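All remarks here apply to the structure that follows.
Worth saying up front: this structure is predicted, and the values here are computed from it rather than measured. Chain A is the first sequence line, chain B the second, and so forth, proteins listed ahead of strands; every chain is numbered from 1.
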Amino acid sequence: MRTHLCGELRQDHAGTTVSVCGWVGRRREHGEHLAFIDLRDHSGIIQCVVDGAADLRSEYVVRITGTVRPRPEGTVNNALATGEVEVGDCTVDILSVAAPPPFPIDERADQVDEMIRLKYRYLDLRRERMQRNLRLRAAVNSAIRGAMERQGFIEVETPMLMPSTPEGAREFLVPSRQVPGSFYALPQSPQLFKQLLMVGGTDRYYQMARCLRDEDLRADRQYEFMQLDAEASFVTEAEVLEFISEAVLAAAEAAVGERPGEIEQMTWHDAIDRFGSDKPDLRFGMELVELTPVFASTEFKAFASAAAIKGIRVPGGSAQFGRNKLDALTERAKQAGAQGLVWMRVGDAGALESPVAKFLSTTEQADLVSATAAEAGDLLLLVADEWMTTCEVLGTLRNDIGRPPVHEGPYRYVWIVDFPMFVGRSEDGRPKPGHHPFTRPHPEDVDRLESDPMSVRSKAYDLVLNGWELGSGSLRIHEPELQQRIFDLLGISPEEAQRRFGFFLTPFTYGAPPHGGFAFGIDRLVAILAGEENIREVIAFPKPQSGVDPMTQAPTPVEEAQLRDLGLRLLPPRP
RNA sequence: GGUCCCGUGGUGCAGUUUGGAGUGCACGCCGGCCUGUCAAGCCGGAGGUCGCGGGUUCAAAUCCCGUCGGGACCGCCA
């Protein structure tokens, strides 16, 4: 039907007769016998010169046959990749007529209410931005598959209908027709199955896996999302990181044309201590500065009793942050868990302007300025609390103040390793798992599991890109005895473990290889590589925050008969 | 569950602070003119439940209360 794509015509094609198909974009009519048509397909736009366009309208679908020719002197359009040529002597076949679109099918739609874009997503997708994102995503998917397969991984599909495992995220449930009153759950991830694939001798598995979690939607979260899910047997942590790094770097290269350097590693402790976050954005400085020694013998009460005092220096922030903004920062700090926030404006010769300056000795003030390398005009923000709280509060402020937009480079990948095995304690005083209960404890710390569990590190790791958590993984426990030690710590008896995870635990009594794996979010990776703030921009048919699809209206009520078939009856709506 | 922001012809906005006739701008749409434009240009025209409901007032897009929808964030996401 066509010989070329709109966007590929160049000077080389001059003199050839071509047929191009696409949608009518802008028309410029100059009387009855001359009109310029911008014909658009996914590849770009080509100007066609036609003898009258009276019967053409925006978004009509046409096939245009004509001759490629250089544009006349002085009419070249450098804003267009095809701007040196045009298609002349055109014959136009109208393949479909179109109602006027509800919004312009070009970059101006970036400003249009997103609900309208989602309601008419098929029109939105015609735009260059969306086609670029879809194609970038496809390139990333393809590169990942290639990288995994080169490394000996095979793709295996796992069930979408699986038993409910109430730990973790809220699940989507699917009522069973053949077993009335029972439900399948849609997978939050293929976690359990991929480990069973290892027991099954698959050795290296991967899957572009759709995962579903019934949690509130955000800019970086949809109900359904895609993960590169992978697991490998007989591997060290370093090998797993290498496999995944290769996939990510290959994906990045496919997306932006340049392969990033080696991905650096940072321990969880360092990430928290230096950046106040386990997903640090390394694109900018403003690192947390250790100030506890500076105030070791201070008279200032709020500092004297604190386990950890740290600060961040906001270069030039003194003028930038008036009282209103400082109040807002204080509020934000409290929201993040701090008792309060100490701010100081740095004046000439290290003079400090602050409500608390009068409580600090001259030595303390001088040491503070020197520890933070503060200069006149800077703003210092100090928090004093437990180590973790101090770090996290300052990390929140650091991001709020300094974090660049997504589309601003460079790309800073970092592996966060040596996560703590447990984070906090539940109400009955039991440690809570940081990753999941099948995560392998760090071999150097395993002796302290019972005596000092909170100090035990795990073989869990996260991949972080520009402050976004792309995904996480771990080496797993393959020995039933060690697994039961962990369950004991979590307060799960052998009987309860059997009841909750039986189908998963029994296989490990039949000879399980040491194994470990990883999963990371394709949507987030693609969004960052595409320079998009929101993963909805890299998903063909996403849902808004309410979860209601404005195009399909899903979710919808169903027929009474369907409910009866499933043995279900609806309760009256909650008041 | 919570905090903050937004809602005005098909689209994007101004108007809301300080109440006074649906008042305006740009794009789009319809008709006319126009032979080198590319945000084409010129002339004319159509198009409105100011999200919805209630209240205050002589009078509400504007003030108050409620509600619906959207977004960002917190909670939540082992």
Open item on the list: Which label fits A/Phe419 and A/Trp268: parallel for a plane angle under 30°, tilted from 30 to 60°, or perpendicular past 60°?
Closed with: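 Rings of A/Phe419 and A/Trp268: tilted, 30 to 60°.
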When you compare the protein's N or O atoms with those of nucleotides 35-37 of chain B, which come within less than 3.5 Å of each other, and at what distance?
unit_1	atom_1	unit_2	atom_2	d
B/rU35	OP2	A/His30	O	3.4
B/rU35	O4'	A/His30	O	3.3
B/rG36	O6	A/Arg69	NH2	3.3
B/rG36	N1	A/Glu86	OE2	2.9
B/rG36	N2	A/Glu86	OE1	2.4
B/rG36	N2	A/Glu86	OE2	3.3
B/rU37	O4'	A/His30	NE2	3.3
B/rU37	O2	A/Arg28	NE	2.5
B/rU37	O2	A/Arg28	NH2	3.4
B/rU37	O2	A/Gln47	OE1	3.3
B/rU37	N3	A/Gln47	OE1	2.8
B/rU37	N3	A/Gln47	NE2	3.0
B/rU37	O4	A/Gln47	NE2	2.8
B/rU37	O4	A/Arg71	NH1	3.4

Open item on the list: Short of 4.0 Å, heavy atom to strand atom, which residues of residues 465-502 of chain A count as contacting RNA chain B?
Closed with: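 None - not one residue of the stretch has a heavy atom sitting under 4.0 Å from the strand.
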Open item on the list: In the structure I gave you, are the side-chain heavy atoms of A/Glu86 and A/Ile46 within less than 4.5 Å of one another anywhere?
Closed with: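 They are not in contact (no side-chain heavy atoms under 4.5 Å apart), so the answer is no.
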Open item on the list: Less than 4.5 Å apart, side chain to side chain, heavy atoms only: is that true for A/Val383 and A/Leu341?
Closed with: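 A side-chain contact exists here, since the closest heavy-atom pair is under 4.5 Å.
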N/O donor-acceptor pair, side chain [X] with base [N], under 3.5 angstrom:
X: A/Asp216; N: B/rG75; result: yes
X: A/Arg332; N: B/rC73; result: no
X: A/Arg213; N: B/rC77; result: no

Pairing check on [N]: which nucleotide meets the Watson-Crick or G-U wobble criteria with it, both distances under 3.5 Å?
N: B/rA72; result: B/rU3
N: B/rA26; result: B/rU11
N: B/rG31; result: B/rC43

Task: N/O (side chain, A/Ser546) to phosphate O (OP1/OP2, B/rG69) under 4.0 Å - done: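 No, A/Ser546 has no side-chain N/O under 4.0 Å of OP1/OP2 on B/rG69.
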Open item on the list: If the cut-off is 4.0 Å, is A/Arg57 near the phosphate of B/rC30, judged by side-chain N/O to OP1 or OP2?
Closed with: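 Checking A/Arg57 against B/rC30: at least one side-chain N or O falls below 4.0 Å of OP1 or OP2.
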Check the interface with nucleotides 26-28 of chain B: list each N/O to N/O pair with the protein under 3.5 Å, or write none.
unit_1	atom_1	unit_2	atom_2	d
B/rC27	O2'	A/Arg108	NH1	2.8

Open item on the list: Both A/Ile116 and A/Arg27 contact RNA chain B. Taking the nearest nucleotide for each, which residue is further toward the 5' end?
Closed with: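 Its nearest nucleotide lies further toward 5', so the answer is A/Ile116.
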So, [X] and [Y]: side-chain donor and acceptor under 3.5 Å apart, yes or no?
X: A/Gln227; Y: A/Arg524; value: no
X: A/Glu171; Y: A/Ser164; value: yes
X: A/Thr158; Y: A/Gln207; value: yes

